[in-house]
Amino acid sequence: MQFAALCWRLKSGRLEVCLITSRTRKRWIIPKGWPMHKQTPAAAAATEAFEEAGLSGDAVDQCLGVYTYSKPQKVDNAPIVTLVYPLHVKNVHSSWPEQHERRRKWFTQRKAAKKLSEPELKRIVATFNPKKTLR
């Protein structure tokens with residue numbers, strides 16, 4: 001199981017979603033990672049958003065949905081279940097731990113959904129409504 005951050009902001013009244021590239025295949029994805037000791041799922045997702053995308057803000061402990069993907073392993077592919085948490089981005093950092101390994105880009109909600117591969121994740125991004133997240 002992994003935790004992912006749907007990183008969003010409002011720019012000129014329009015919802016934008018930040019995507020990053022995966023390290024190896026350079027596909028568009030959202031920041032995600034493994035559970036972290038003594039961190040809530042949303043806090044772990046927020047940590048990944050900073051490390052992988054250089055983004056920080058307000059994480060909400062409200063799961064937006066779940067998607068699955070296969071992570072290539074040495075012998076076979078491992079099925080991974082990923083829970084997605086919203087992160088309202090307040091700071092876009094100019095330097096971050098994985099900046100030389102990934103690309104970061106803001107998209108409209110519709111374009112972001114189209115760039116993603118996993119059908120469940122596409123749906124989560126396409127139907128995301130920040131007004132419905134707990135505060």
Legend entry - Closest non-hydrogen atom pair between Ala5 and Ile30, with its separation: O-CB, 3.5 Å
Inset, instruction - On the 0 to 90° scale, with breaks at 30° and 60°, tag the Trp28-Phe107 ring pair as parallel, tilted or perpendicular. - result: perpendicular
Inset, instruction - Please test Gln62 against Tyr85 for side-chain contact (heavy atoms from CB on, under 4.5 Å), starting from the C-alpha separation and ending with a verdict. - result: CA-CA 6 Å; Gln62 177 184 351; Tyr85 294 85; 5.6 Å; no
Inset, instruction - Could you pull out all residues at least two apart from Glu101 that satisfy side chain to side chain donor-acceptor pair (under 3.5 Å)? - result: Arg23
Legend entry - Approximate separation, where rounding is to 0.5 Å, of Lys115 NZ and Leu121 CG: 14.5 Å
Inset, instruction - Find out whether Glu120 and Thr68 are in side-chain contact, i.e. whether some heavy atom of one side chain is under 4.5 Å from a heavy atom of the other. - result: yes
Legend entry - Single-linkage hydrophobic cluster, 4.5 Å side-chain cutoff, Val17 and Val89 together: no
Inset, instruction - Run the numbers on Thr21 and Ile29 for side-chain contact (heavy atoms from CB on, under 4.5 Å), then give the verdict. - result: CA-CA 6 Å; Thr21 54; Ile29 62 171; over 6 Å; no
Inset, instruction - Answer yes or no: is there an ion pair linking Lys11 with Glu16, defined by an N-O contact shorter than 4.0 Å? - result: no
Legend entry - Gap between atom CZ of Arg102 and atom OG of Ser22 - 0.5 Å precision: 7.0 Å
Inset, instruction - Answer yes or no: is there an ion pair linking Arg27 with Glu118, defined by an N-O contact shorter than 4.0 Å? - result: yes
Inset, instruction - Grab the two heavy atoms, one from Leu19 and one from Ala112, that are nearest each other, plus how far apart they are. - result: CD1-O, 3.7 Å
Inset, instruction - Tell me, please, which residues at least two apart from Ala59 pass side chain to side chain contact (heavy atoms under 4.5 Å, CB included). - result: Ala42, Ala46, Leu87
Inset, instruction - Step by step, work out the side-chain contact (heavy atoms from CB on, under 4.5 Å) result for Tyr67 and Val125. - result: CA-CA 11 Å; Tyr67 73 97; Val125 170; over 6 Å; no
Inset, instruction - Heavy atoms only: give me the nearest Thr133-Pro86 pair and the separation to one decimal. - result: CG2-CG, 3.8 Å
Legend entry - Nearest heavy atoms of Trp106 and Cys7, plus distance in Å: CZ3-O, 3.9 Å
Legend entry - Pair Gln2-Tyr69, side-chain donor/acceptor within less than 3.5 Å: yes
Legend entry - Donor-acceptor under 3.5 Å (Gln99 side chain, Ala53 main chain): no
Legend entry - Trp96-Phe50 aromatic ring centre distance below 6.0 Å: no
Inset, instruction - Test side-chain contact (heavy atoms from CB on, under 4.5 Å) on Glu48 and Lys32 and set out the steps. - result: CA-CA 6 Å; Glu48 294 298 334; Lys32 64 186 175 311; 5.7 Å; no
Inset, instruction - Work out which heavy atom in Ile124 is nearest to a heavy atom in Val66; give both atom names and the distance. - result: CD1-N, 3.6 Å
Legend entry - Reported CZ-to-OG distance for the pair Arg25 and Ser117, which is rounded to 0.5 angstrom: 7.0 Å
Legend entry - Donor on one side chain, acceptor on other, Gln39 and Thr47, under 3.5 Å: yes
Legend entry - Atom NZ of Lys122: over 12 foreign heavy atoms under 6.0 Å: yes
Legend entry - Nearest non-hydrogen partners of Pro31 and Ala49, listed with the distance: CB-CA, 3.7 Å
